[in-house]
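In what follows, a single structure is set out as structure tokens and then discussed.
Model, not experiment: these values are computed from the prediction. Only this structure's heavy atoms are used, side chains among them; waters, hydrogens and symmetry mates stay out. Counting convention: from 1, in listed order, for ligands and their atoms alike.
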Amino acid sequence: MQQLEEDIKAAIRNIPDFPKPGINFKDVTPIFKDPALCSRILDGFSSHFENKGIDAILGIESRGFLFGLALATRMRLPFVLVRKVGKLPAKTVKLSYALEYGEATIEIHEDALEKGWNVLVHDDLLATGGTASAAAQLCEQVGAKVSGFSFLVDLSFLNGKAVLNKKFPDAEIVGLATY
Ligand code: AMP
């Protein structure tokens, strides 16, 4: 696992001051050019969550779709999407949450999850935890339960894990590469 973390970090490209001054953007796109690394990442996630009774994986737009669907396929689980408002075609449930500046609205198809399902929420990166927490709240609003969170990257100095732990104390939180 240690080696996997090192290899993920070696592949990630740091882009200073993107998309605005002061943000050190973690560009995960080079990872997708390395199929052997992608496969080990899927092994890493699935080893944490197999035999945990997960019923579905939820990916957060947009980079959460990439490993999200691949992991769901690997684990033979349904995959569902949380998208920015206005993109999902059928009837949805929406949630607005605060960003550093302003707010964002995300939504899920109201019939995407069965009542009582145990859901694993997936995104590429955990920063303050606001996005993952809003996606998890949407799961609960449509009657499902959040059993876990998985991220490629955890920016631990922003304390997102503590935010998720407080709101979803029963959920296991996994970040494969921690900064
Ligand atoms: P947060 O809601 O603060 O946890 O932010 C997480 C969301 O913002 C994820 O969907 C990330 O893809 C994106 N994000 C936040 N900070 C960064 C960063 N430094 N590099 C890349 N993506 C980021």
More than 12 heavy atoms of other groups within 6.0 Å of Lys87 NZ: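 Not buried by this count: 12 neighbours or fewer within 6.0 Å.
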Residue Lys20 excluded, over 12 heavy atoms near NZ under 6.0 Å: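 More than 12 within 6.0 Å, yes.
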Starting from [atom], locate the nearest protein heavy atom and write down its residue, its atom name and how far away it is, to 0.1 Å.
atom                   : value
atom 5 (O) of ligand 1 : Ala127 CB, 3.6 Å
atom 4 (O) of ligand 1 : Gly129 N, 2.8 Å
atom 6 (C) of ligand 1 : Leu125 O, 3.6 Å

Worked verdict on Asn24 versus Phe18 for side-chain contact (heavy atoms from CB on, under 4.5 Å): CA-CA 6 Å; Asn24 184 26; Phe18 181 88; over 6 Å; no
Closest contact, heavy atoms only, Arg63 versus Asp123: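 Result for this residue pair: C-OD1, 4.2 Å.
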Closest heavy-atom pair and its distance - Gly148, Ala171: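 Closest approach of Gly148 to Ala171, heavy atoms only: N-CB, 3.9 Å.
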Region of Asp124 engaging ligand 1 - heavy atom pairs below 4.0 Å: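 The answer is the side chain of Asp124.
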Proximity of Leu158 to ligand 1 by residue part, where a heavy atom lies under 4.0 Å: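 It is neither; nothing of Leu158 touches ligand 1.
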At less than 4.0 angstrom from any non-hydrogen atom of [X], what atoms of ligand 1 do you find?
X      : value
Lys26  : 18 (C), 20 (N), 21 (C)
Leu155 : 19 (N)
Asn24  : 19 (N)

Near-ring test Phe151/Phe45, centroid separation under 6.0 angstrom: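 No; Phe151 has its ring centre 6.0 Å or more from that of Phe45.
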Is_contact(atom 12 (O) of ligand 1), protein non-hydrogen, under 4.0 Å: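 So atom 12 (O) of ligand 1 has protein heavy-atom neighbours under 4.0 Å.
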Any Gly160 heavy atom less than 4.0 Å to ligand 1: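 False for this residue.
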Modelled atom types, side-chain donor and acceptor of Thr92 and His109, under 3.5 Å: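 His109 and Thr92 do not have a side-chain donor-acceptor pair below 3.5 Å.
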Minimum side-chain heavy-atom gap Val174-Phe49 below 4.5 Å: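 Result yes, sub-4.5 Å side-chain heavy-atom pair found.
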Test side-chain contact (heavy atoms from CB on, under 4.5 Å) applied to Val28 and Leu125, step by step: CA-CA 9 Å; Val28 294; Leu125 182 142; 6.0 Å; no
For atom 21 (C) of ligand 1, the option (of Phe151, Phe25, Phe18) bearing the nearest heavy atom: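 Result: the heavy atom closest to atom 21 (C) of ligand 1 is in Phe25.
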Nearest candidate to atom 9 (C) of ligand 1, where distance is taken over non-hydrogen atoms, out of Asp123, Thr131, Ile23, Val163: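 Going through Asp123, Thr131, Ile23, Val163 one by one, Asp123 has the nearest heavy atom to atom 9 (C) of ligand 1.
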Any N or O of Thr128 closer than 3.5 Å to N or O of ligand 1: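 For ligand 1, there is an N or O atom that lies under 3.5 Å from one belonging to Thr128.
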